[in-house]
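Notes to accompany the following structure.
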Amino acid sequence: MSEAQRSGARGFPAFAARRGGRARGQSFWAAQWAGAVEDVWPEEDPLKKGRSFARTGRIGPITVSPGRVAAEMYGGEETYTTRLTLTVLDDDAWDLLWEKTADRPAEAEALLAGDLPEDLLEAVEDARVNMLPGYGDLDADCDCDCDALDHPCPHATALAYQLSWLLDTDPWLLLLIRGRAAGEAVEELKSALLLRALAGDEEENDPGETETETEPAATAPTPDPGTYAAQRAAYARPATPLPVLPPLPEPPAAPGEPLTGIEADPLDRLAADAALRARELLVYAQGFGTAPPEPLDVWQDTVRLAATHPDPHAGERLRTGCGRPGEDLDRAAAAWRTGGRAALDVLERPWTPPEQQTARARTALATAWEADELPPVTVDGNHWTLTGRDLQLRLGRDGRWYPYRRRDDLWWPAGPPSTDPAEALADLTGLAGDGELL
């Protein structure tokens with residue numbers, strides 16, 4: 001058994017870069033953890049820097065063990081080790097917590113079923129133990145060259161925020177940090193419940209008082225403290241480890257030449273164009289449209305050919321013969337590649353969406369972004385422009401959001417559309433190398 005396994009340590013892969021969105025975890029326990037961290041470290045500047053750094057993808061795999069959370073930080077050519085440390089609860093504190101939990105049947109049943117109920121916090125408060133970080137209980141250490149006066153450094157706060165992401169999927173890590181793995185916690189709770197049941201049986205067998213005077217009953221002896229240790233030992237037998245999985249086979253080698261003798265790129269474009277046209281027909285056939293798609297007019301068909309034809313000479317001929325500036329055709333073809341006729345309509349025909357649709361979009365953005373990190377947006381019809389930046393979202397009549405970038409005083413399509421305005425805005429803004437929004 002490795003040292004990590006003996007210590008109860010668990011490892012988690014690094015998080016990929018996240019573009020925009022909330023830096024705090026979304027679940028109950030994740031929110032409680034993040035809120036407690038922000039209460040312990042109330043300075044807003046390192047917290048804000050930490051939220052940005054947490055989303056850069058420059059934090060390595062995370063190790064969570066009793067009293068410690070650690071990860072490597074990658075800053076250019078240098079690597080730093082950052083550690084968060086918390087107090088590990090002693091056995092008496094755990095015994096008291098399980099006694100208080102046993103007083104709450106619903107919470108005890110949820111824990112035995114593998115869930116960490118929200119109301120467990122009430123048992124934690126009754127037992128007066130620290131499950132969430134408190135003052136003097138959470139500390140940070142980092143090998144970086146951050147300003148010594150800036151404590152905690154952004155690397156430490158970033159690691160704390162990423163731990164809240166882990167709590168979204170495994171809230172039992174809160175108990176591991178305090179010294180108990182999930183299996184140990186459940187077995188200790190079973191011991192407390194067993195002792196409670198045995199004590200209840202003894203009370204039921206007590207004959208109680210009678211009408212005749214009798215000698216006072218002797219005081220029940222105080223249980224031997226070693227009883228608890230014996231119960232813990234009985235239920236703490238290690239589980240049999242699962243066998244090691246065999247290694248994955250090597251991926252098959254790609255053929256050096258196309259099997260058909262035809263280059264793939266032209267086929268990809270033609271297949272994508274056919275798929276877009278088939279989608280329009282299916283929308284109508286499935287009852288989602290009031291009329292079948294109209295045939296393409298001359299301009300639309302010219303754009304389609306320019307967007308999908310593999311021969312660059314064909315594009316030159318189309319620019320010469322379309323009767324419009326070549327740059328117009330290039331922009332239209334770029335739009336077509338992102339969404340076909342619907343994307344071309346977004347490029348060339350502004351419109352005013354219903355107020356309800358605009359309000360829903362604003363609500364989606366406010367829900368998905370931190371209030372102090374949501375980029376300011378100017379709304380003009382279906383055009384949502386990021387104030388002071390050369391970035392824009394356009395809402396199509398098909399309900400999808402199309403990203404745009406300004407280039408030489410013209411707006412150019414910048415990628416595929418999304419049905420979620422918050423996701424589209426996050427993809428459009430992205431993150432710079434230092435973690436700040438572009």
Side-chain angles (χ1 to χ4, degrees), residues 2-25 30 33-88 132-170 173-174 176-179 370 372-373 426 429-438:
S2 68
E3 183 63 31
Q5 289 173 320
R6 282 194 295 270
S7 66
R10 293 182 58 190
F12 299 88
F15 287 99
R18 295 187 177 186
R19 293 189 278 182
R22 291 184 178 272
R24 301 173 181 87
W33 165 269
V37 169
E38 291 170 351
D39 287 342
V40 175
W41 295 332
E43 294 295 331
E44 180 58 29
D45 187 53
L47 290 175
K48 185 174 182 179
K49 291 179 180 177
R51 289 194 292 269
S52 294
F53 190 81
R55 296 187 294 242
T56 61
R58 286 154 51 190
I59 299 179
I62 300 176
T63 301
V64 181
S65 57
R68 188 173 181 269
V69 182
E72 299 292 323
M73 307 285 164
Y74 304 108
E77 297 180 354
E78 299 184 17
T79 301
Y80 314 112
T81 300
T82 302
R83 292 166 290 272
L84 306 179
T85 56
L86 294 96
T87 305
V88 174
L132 297 169
Y135 294 102
D137 175 55
L138 173 65
D139 200 5
D141 176 52
C142 185
D143 298 341
C144 66
D145 297 327
C146 298
D147 188 351
L149 299 178
D150 191 9
H151 182 81
C153 70
H155 299 132
T157 55
L159 181 57
Y161 281 118
Q162 284 207 355
L163 181 61
S164 75
W165 301 354
L166 293 177
L167 293 175
D168 276 337
T169 56
D170 190 356
L173 292 176
L174 276 177
L176 176 59
I177 297 171
R178 294 299 187 179
E370 301 287 351
D372 58 345
E373 296 179 2
T429 54
L431 283 169
D434 58 357
E436 296 297 331
L437 288 169
L438 286 171

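Partners of Glu72 according to the side chain to side chain donor-acceptor pair (under 3.5 Å) rule, which considers only residues two or more places apart in sequence or in another chain, are Thr81. Checked against side chain to side chain donor-acceptor pair (under 3.5 Å), Asp170 has the following partners two or more places apart in sequence or in another chain: Arg10. Residues passing the side chain to side chain donor-acceptor pair (under 3.5 Å) test with Thr169: none are found, sequence neighbours excluded. Arg178 pairs by the salt bridge (charged side-chain N to carboxylate O under 4.0 Å, His left out) definition with Asp137, not counting sequence neighbours. Partners of Trp165 under the ring-ring contact (aromatic ring centres under 6.0 Å, His included) rule, at least two apart in sequence or in another chain, are Phe15. Partners of Asp168 by salt bridge (charged side-chain N to carboxylate O under 4.0 Å, His left out), not counting sequence neighbours: none found.
When all heavy atoms of Leu86 and Pro133 are compared, the closest pair comes out as CD2-CG, 4.0 Å. Closest approach of Ser52 and Thr56 over heavy atoms only: O-CG2, 3.3 Å. When all heavy atoms of Ala14 and Ile59 are compared, the pair lying nearest together is CB-O, 3.3 Å. Nearest approach of Trp41 to Ala160, heavy atoms of both residues: CZ3-CB, 4.5 Å. Between Pro152 and Pro46, the shortest heavy-atom distance links the atoms O-CB, 3.3 Å. Pairing each heavy atom of Gly50 with each of Thr157, the nearest pair is CA-OG1, 3.1 Å.
With rounding to the nearest 0.5 Å, the separation of CG in Leu138 from OG1 in Thr85 is 7.0 Å. Distance check: Ser164 OG to Leu173 CG gives 11.5 Å after rounding to the nearest 0.5 Å. Note that CG of Leu163 is 7.5 Å distant from CG of Leu84, once rounded to the nearest 0.5 Å. One distance of note links OH of Tyr135 with CG of Asp39; it measures 5.0 Å at 0.5 Å rounding. Cys153 SG to Asp141 CG: the interatomic distance, rounded to the nearest 0.5 Å, is 9.0 Å. Distance check, rounded to the nearest 0.5 Å: CZ of Arg58 to NE2 of His155 gives 7.0 Å.
Here the side chains of Ile177 and Pro66 are not in contact, with every heavy-atom distance at 4.5 Å or above. Val37 places none of its side-chain heavy atoms less than 4.5 Å from the side chain of Tyr161.
Taking the charged nitrogens against the carboxylate oxygens, Lys49 and Glu43 have no contact shorter than 4.0 Å, which rules out a salt bridge.
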